[in-house]
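Inspection log for the structure reproduced underneath, given as C-alpha cells.
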Protein chains: 2
Amino acid sequence: MNNSRFAISLHILTLLERAKGELLSSEFMAGSININPVLVRKELSNLRNHGFVDSKEGKNGGSYLSKSAKEINLADIYKAVKQNNLLGISKNTPNPQCSVGKQMNTHLNNLYNSTEQALVKELSSQTLADFSNHFD
Amino acid sequence: MNNSRFAISLHILTLLERAKGELLSSEFMAGSININPVLVRKELSNLRNHGFVDSKEGKNGGSYLSKSAKEINLADIYKAVKQNNLLGISKNTPNPQCSVGKQMNTHLNNLYNSTEQALVKELSSQTLADFSNHFD
DNA sequence: CATTCTGTAACTAAAATTATTACAGTACAA
DNA sequence: TTGTACTGTAATAATTTTAGTTACAGAATG
C-alpha cells in the first residue's frame with residue numbers, strides 16, 4: 001500500500017465517530033484532511049460498500065457511521081482499503097529460466113502472507129472507538 | 001513501501017547466498033530478477049552500505065555476501081530498504097485548524113510504529129539462510 | 001592496454017497517485 | 001416549483017514516484 005488510502009479512511013471514520021451521528025459533508029472532511037472532496041467521496045463509496053458508513057444525498061446531506069465504532073477494528077479498515085501486497089510487488093516478473101527466479105514469487109508470497117497476518121493481528125487489537133478516544 | 005526494493009534486495013541476497021561465495025555480476029542478477037542492471041547495482045550499493053555484501057570491481061568482478069546468511073534476518077533487510085511508512089503517508093498534511101486534523105499525524109504515527117514493530121518481529125523470525133533453504 | 005566489470009550521475013519513460021472539472025441526480029426549504 | 005446544497009461518478013489532467021536507459025570514469029585482470 002503506497003498510497004494514503006488507509007490514512008484517509010481512518011481520518012474520515014474518526015471524524016464521523018466524533019461527530020456522534022451528525023452528518024458531515026465531503027467538503028468538510030476534505031478540509032480536515034486537506035485533500036480534494038472528490039477523493040473523500042470516492043473513499044466514502046468504498047467505506048459504504050464495506051458497511052461502515054451511510055450517506056444521505058441532497059441538501060443538508062452528508063455521511064455518518066452506520067455501525068458502532070466499537071464494532072469496527074482497524075484491521076477491518078485496512079482490509080477494506082488494501083489492494084497491493086504489503087511489501088510492494090508492483091512489478092515482479094522474475095526470469096522463469098532461472099532456478100531462483102522461477103521460485104521467487106512463491107516464496108515471496110508465503111512471506112508476505114505471514115507478515116500481513118502479523119500486521120492484521122496487531123491492527124485488530126484496536127477498534128475505531130479506541131483510536132478516536134486518543135483525540136482530545 | 002510501495003516500490004519493490006524489498007523484493008529486489010531479497011532476490012539479490014538469495015542469489016548471492018546460493019552462489020556460495022562465487023562472485024555474481026549485476027548483469028547476471030538483473031537477468032534473474034528481470035530488471036535493469038543499474039537498478040541491481042543501486043540496490044547493491046545500499047546493501048553494501050549496510051554491510052550485507054561486498055563487491056569487487058574490474059574484470060571478473062561482482063558481488064558476494066560479506067556475512068553469513070544465518071546472521072542476516074529478513075527484518076534487517078526490511079530496515080535497510082525501508083524509507084516510507086508502512087501504511088503509506090506520501091502526502092499527509094491534515095488541516096492544523098481542525099482539532100482532529102491537528103492531532104491526526106501523531107496518532108497515525110503511533111499506530112504505524114506499533115504495526116511496524118509487529119511486522120519486524122515477524123520478519124526477524126526468519127534468516128536469509130532460512131529463506132534461501134526453501135529453494136530447490 | 002584491451003576487455004570486462006563496478007559505481008554513479010543524469011536523464012527519460014512509464015506507472016501510480018492525486019487533483020480537478022463536469023454534471024446528473026437527490027433532498028430540502030422557501 | 002424552483003433555487004440551493006449536497007452526493008455519486010466519470011473523465012481527464014497534473015503531479016509524484018518508480019523504473020529504465022544512457023553514458024562514462026575508474027578498477028582489476030590477463
Side-chain angles (χ1 to χ4, degrees), chain A residues 1-9 11-12 15-16 19 22-31 33-50 52-64 66 81-85 87-95, chain B residues 1-9 11-12 15-16 19 22-31 33-50 52-64 66 81-85 87-95:
Chain A
M1 179 148 37
N2 31 1
N3 55 24
S4 49
R5 288 187 55 207
F6 178 79
I8 292 172
S9 281
H11 197 140
I12 289 172
L15 288 169
L16 294 179
E22 193 191 335
L23 300 202
L24 300 182
S25 73
S26 61
E27 186 150 2
F28 174 83
M29 295 191 272
I33 307 175
N34 194 22
I35 60 172
N36 194 285
V38 176
L39 288 186
V40 173
R41 297 208 283 271
K42 277 185 188 162
E43 217 45 53
L44 282 169
S45 170
N46 182 55
L47 293 171
R48 210 158 39 234
N49 290 336
H50 284 87
F52 299 140
V53 308
D54 255 320
S55 306
K56 188 183 160 200
E57 296 188 3
K59 194 172 180 180
N60 301 326
S63 300
Y64 55 96
S66 60
V81 146
K82 143 189 172 73
Q83 38 192 5
N84 293 324
N85 232 314
L87 293 164
I89 195 171
S90 54
K91 192 235 172 185
N92 193 333
T93 54
N95 186 344
Chain B
M1 181 148 34
N2 29 2
N3 55 25
S4 49
R5 288 186 55 208
F6 177 79
I8 292 172
S9 280
H11 197 141
I12 289 173
L15 288 169
L16 294 179
E22 192 191 336
L23 300 201
L24 300 183
S25 73
S26 61
E27 186 149 1
F28 173 83
M29 295 190 274
I33 307 175
N34 193 22
I35 60 171
N36 194 285
V38 176
L39 288 186
V40 173
R41 298 207 283 269
K42 278 182 186 164
E43 218 43 53
L44 282 168
S45 170
N46 181 56
L47 293 171
R48 208 157 43 233
N49 290 336
H50 283 86
F52 299 140
V53 307
D54 254 320
S55 306
K56 190 183 161 202
E57 296 188 4
K59 192 171 179 181
N60 301 328
S63 299
Y64 56 96
S66 61
V81 147
K82 144 188 168 76
Q83 39 191 6
N84 293 325
N85 233 313
L87 292 164
I89 195 171
S90 53
K91 193 234 171 186
N92 193 334
T93 55
N95 187 346

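By convention in this document, chain letters (A, B, ...) are assigned in the order of the sequence lines, proteins followed by strands, and residues within each chain are numbered from 1.
For the side-chain contact (heavy atoms from CB on, under 4.5 Å) criterion with His11(B), the lone passing option out of Ile33(B), Asn34(B), Leu16(B), Ile35(B) is Ile33(B).
Here the closest heavy-atom approach between residue Leu23(A) and residue Gly62(A) is recorded as CD1-N, 3.8 Å. Between Val81(A) and Phe6(A) the shortest heavy-atom distance is CG1-N, 3.6 Å. In terms of heavy-atom proximity, Met29(B) sits nearest to Ser63(B) at CE-CB, 4.3 Å.
The phosphate of dG7(C) has OP1 or OP2 within less than 4.0 Å of a side-chain N or O from Arg48(B). Between Ser63(A) and dT7(D), a side-chain N or O to OP1/OP2 separation shorter than 4.0 Å is absent. The side chain of Ser55(B) places an N or O atom within less than 4.0 Å of a non-bridging phosphate oxygen (OP1 or OP2) of dG7(C).
Following rounding to the nearest Å, Glu43(B) (CD) and dT6(C) (P) show an atom-to-atom distance of 15 Å. Atoms CG (Asn46(A)) and P (dT9(D)) sit 12 Å apart, rounded to a whole Å. For the pair Asn36(B) CG and dA14(C) C1', the interatomic distance rounds to 14 Å; values are reported in whole Å. Atom C1' of nucleotide dT15(D) and atom CD1 of Ile35(A) are separated by 15 Å, given to the nearest angstrom. Nucleotide dT26(C) holds its C1' atom 13 Å from the CZ atom of Arg41(A), rounded to whole Å. In this structure, Ile33(B) places its CD1 atom 14 Å from C1' of dG20(D), rounding to the nearest Å. Residue Ile8(A) contributes atom CD1, which lies 18 Å from atom P of dA16(C) at whole-angstrom precision. For Ile12(B) and dG7(C), the CD1 to P distance is 12 Å, given to the nearest whole Å.
Contacts between residues 22-30 of chain A and DNA chain C, counted as heavy-atom distances below 4.0 Å, involve no residue at all.
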Give each protein N/O atom lying under 3.5 Å from an N/O atom of nucleotides 26-30 of chain D, with the pair distance.
unit_1, atom_1, unit_2, atom_2, d
dA27(D), O4', Glu57(B), OE1, 2.8
dA28(D), N3, Lys59(B), N, 3.2
dT29(D), OP1, Lys56(B), NZ, 2.8

List the atom pairs, with distances to 0.1 Å, where a side-chain N or O of residues 40-48 of chain B and a protein N or O form a donor-acceptor pair under 3.5 Å, not counting sequence neighbours.
unit_1, atom_1, unit_2, atom_2, d
Arg41(B), NH1, Ser26(B), OG, 3.1
Glu43(B), OE1, Arg5(B), NE, 3.1
Glu43(B), OE2, Arg5(B), NE, 3.2
Glu43(B), OE2, Arg5(B), NH2, 3.2
Glu43(B), OE2, Ser9(B), OG, 3.1
Asn46(B), OD1, His50(B), ND1, 3.3
Asn46(B), ND2, Ala80(B), O, 2.9
Arg48(B), NH1, Ser55(B), OG, 2.8

